[in-house]
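Residue numbers start at 1 and run along the sequence shown.
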Amino acid sequence: MKPLSLPIFGLLLLTPVMIALGQVLFKLTSDRLTAHAGTPFYTVAANPLFLLALAIYGSATLLWIYVLKTVPLSYAYSFMALTFVLVPLMAAFFLKEPLTVKYAIGACLIIAGLLVVQS
């Protein structure tokens, strides 16, 4: 495989970031539904956070398809492992969820695995 251009490498990193952000927005949407007990579930379709999450997910999907035009799936898909690192980090930052030593060890192993696959 030929070396990746900087823009393509950036998109390989941006896609899991967008997916992780979408997950945080889905969680915030869920929290709002839970806070208003008795609200019909279908009202989620009009929730701005939900719509933003869908827009981010949709944009990430389009970027992903663009990346796959030039990068083999077996190479590109390993970058999706970063979502397992980013979602808990974003949850800690935006949702004040705790991070543990086990998370830190696991995140380091995921990043090490990504480096091995990419080398």
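- Residues forming a ring-ring contact (aromatic ring centres under 6.0 Å, His included) with F9 (at least two apart in sequence, or on another chain): F79.
- In the hydrophobic clustering of this structure, L4 groups with L114; members are Ile, Leu, Val, Met, Phe, Trp, Tyr whose side-chain heavy atoms approach within less than 4.5 Å, directly or through other members.
- Side-chain contact check for I19 versus W64: every heavy-atom pair is 4.5 Å or farther apart.
- Taking CE of M80 as the reference point, atom CG of L86 lies at 11.0 Å (rounded to 0.5 Å).
- The residue from L68, T61, L63 that alone fulfils the side-chain contact (heavy atoms from CB on, under 4.5 Å) condition with I65 is T61.
- Of all heavy-atom pairs spanning A76 and V71, the tightest one is CB-CG1, 3.7 Å.
- Smallest separation of non-hydrogen atoms from M18 and S59: CE-CB, 3.5 Å.
- Hydrophobic cluster membership of L89, counting Ile, Leu, Val, Met, Phe, Trp and Tyr whose side-chain heavy atoms lie under 4.5 Å apart directly or via other members: F84, V85, L99, Y103, I110, I111, L115.
- Linking ILVMFWY side-chain heavy atoms closer than 4.5 Å, directly or via other members, places Y77 and L109 in two distinct hydrophobic clusters.
- Considering all non-hydrogen atoms of both residues, L49 and N47 come closest at N-OD1, 2.7 Å.
- Contact record, V24 with A91: CG2-N, 4.2 Å, taken as the closest heavy-atom pair.
- Every pair passing side chain to side chain donor-acceptor pair (under 3.5 Å) that includes a residue from residues 106-119 is listed here, sequence neighbours excluded: Y75-Q118, S78-Q118.
- In the hydrophobic cluster analysis, where Ile, Leu, Val, Met, Phe, Trp and Tyr join through side-chain heavy atoms closer than 4.5 angstrom, V67 is grouped apart from L62.
- The closest side-chain heavy-atom distance from K27 to E97 is below 4.5 Å.
- Here the shortest heavy-atom pairing between T15 and A60 reads CG2-O, 3.8 Å.
- Closest non-hydrogen pair, A53 versus L25, comes out as CB-CB, 3.6 Å.
- Side-chain heavy atoms closer than 4.5 Å link hydrophobic residues (I, L, V, M, F, W, Y) into clusters, and following such links, possibly through other members, connects L14 to L52.
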